[in-house]
Amino acid sequence: MRDPGDLYELTADAERVPEGLHLVAGLTGFADAGGAVSQFTEYLRNTLDHSVIAAFDADVLLDYRARRPIIYFDQDHLTDYQPATLRLYLARDEIGQQFLLLAGFEPDFRWDQFTAAVLELVRRFKVSSTTWVHAIPMPVPHTRPIGVTVSGNRSDLIESMSVWRPHTQVPANALHLVEFRLQESGASVVGFVLLVPHYLADTEFPATALSALESTSAATGLIFPSDQLREQNRDFVGRIDEQVHDNPELAKLVGTLEERYDAYMEGSTLRSPLTDEAGELPSADEIAAELENFLATRRSRDEGPPA
């Protein structure tokens with residue numbers, strides 16, 4: 001395997017990183033239901049003091065044709081180019097506690113070398129624990145708290161927070177491999193999988209970012225500001241609730257999800273909140289189609305007849 005150090009470049013600020021900090025990580029790519037990871041990491045960078053301590057080489061790790069960067073065209077000339085980034089930051093939480101934040105794109109290539117690079121940085125800075133988040137769509141209602149599946153070797157968090165513990169095979173995220181290698185080495189690591197309502201998976205659902213903040217706080221003791229996200233979530237949920245209330249078919253579908261979710265959480269014999277005993281469940285397509293149809297109708301009504 002190539003030298004892991006070839007994938008990143010340390011900045012001058014790396015010299016002032018104290019030992020024993022928590023590492024928090026979230027990468028965007030294969031799955032980011034509800035925009036959870038992108039909102040979570042962007043919110044941290046927008047609200048907390050931070051500086052870059054390591055930058056990964058996008059030309060080596062990223063497939064530009066699959067995830068094309070943004071370039072700005074102003075009438076007759078190009079004005080700006082924004083390539084994707086993958087960086088390690090030194091940040092401070094709301095009360096000044098320092099931590100490391102790994103955020104940006106999920107690598108398309110060289111996962112083994114990237115994983116070795118992350119473990120090299122973990123050893124270099126003597127990281128005390130690694131916490132990472134990602135999100136998947138699940139047939140659960142938006143009217144209930146965002147649940148999590150917890151993995152890693154933090155048994156306290158698994159026992160207290162993990163609402164669904166499946167035996168299954170899943171497509172891997174690059175941070176799954178990082179978690180796997182950290183666990184092999186005996187390092188403290190925990191992963192939080194946010195279970196996002198599947199009919200909101202393609203939206204930016206603020207509750208997912210709040211759940212990521214709360215899960216990370218539970219694992220690390222870090223304190224994050226959340227007032228702005230909570231206000232955004234109240235507005236978002238209010239609009240969705242209004243749409244559900246005005247559409248009997250959509251209300252029925254969401255109600256079915258609520259019943260099955262509540263039965264599961266009350267300790268019923270259901271294997272998961274996904275199905276009833278007959279194995280029946282409104283599909284994501286059914287709920288999404290109902291919501292889209294209603295939104296289209298609502299937009300037409302709001303716009304009024306053409307002049």
* CG/L78: more than 12 non-hydrogen atoms of other groups inside 6.0 Å -> yes
* Asked: Are R16 and S51 close enough that a side-chain donor and a side-chain acceptor fall under 3.5 Å?
  -> yes
* Ignoring hydrogens and angles, tell me if any N or O in the side chain of D32 forms a donor-acceptor pair with the backbone of A36 under 3.5 Å. => yes
* Check L119, V178, L177, V60 against F114 for a side-chain contact (heavy atoms from CB on, under 4.5 Å) and give me the one that passes. => V178
* A187 backbone acceptor or donor facing N153 side chain under 3.5 Å -> yes
* Give a yes or no on whether a salt bridge exists between E159 and R165, defined as a side-chain N under 4.0 angstrom from a carboxylate O. => yes
* Asked: Would R181 and E184 satisfy salt bridge (Lys or Arg N to Asp or Glu O under 4.0 Å), going step by step from the backbone distance to the final call?
  -> CA-CA 5 Å; R181 296 302 184 204; E184 280 186 330; 2.9 Å; yes
* Nearest-0.5 Å distance that lies between atom CG in L23 and atom OG1 in T130 -> 4.5 Å
* Would you confirm whether Y264, through its side chain, and V163, through its main-chain N or O, come within 3.5 Å as a donor-acceptor pair? => yes
* Structure fact -> CD (Q39) and OG1 (T208) are apart, to the nearest 0.5 Å, by 4.5 Å
* **Separation of L175 CG from L102 CG (nearest 0.5 Å)** => 6.5 Å
* Asked: Got V52 and T85 here, is their nearest side-chain heavy-atom distance under 4.5 Å?
  -> no
* So, the side chain of D63 versus the backbone of D108: is there a donor-acceptor pair under 3.5 Å, distance only? -> no
* Name the orientation class of the two ring planes belonging to F56 and Y8 (parallel below 30°, tilted from 30 to 60°, perpendicular beyond 60°). => tilted
* Is any side-chain N of the basic residue among E214 and R230 closer than 4.0 Å to the acidic one's carboxylate O? -> yes
* Asked: For E19 and R124, what are the C-alpha separation, side-chain angles and deciding distance, and is it a salt bridge (Lys or Arg N to Asp or Glu O under 4.0 Å)?
  -> CA-CA 8 Å; E19 295 180 354; R124 178 188 181 93; over 6 Å; no
* Asked: Going by distance alone, is a donor N or O of one side chain under 3.5 Å from an acceptor N or O of the other, for Q82 and D80?
  -> yes
* To do: Rounded to the nearest 0.5 Å, what's the gap from CG on L27 to NE2 on H134? Could you check?
  => 11.0 Å
* Using distance alone, with no hydrogens and no angle criterion, decide if S151 and E179 have a side-chain donor and acceptor under 3.5 Å apart. => yes
* Going by atom types only, do Q228 and Y43 share a side-chain donor-acceptor pair under 3.5 Å? -> no
* To do: Calculate, to the nearest 0.5 Å, the distance between atoms CD and CZ belonging to Q232 and F205 respectively.
  => 12.5 Å
* **Cluster link V122 to V190, ILVMFWY, side chain under 4.5 Å** => no
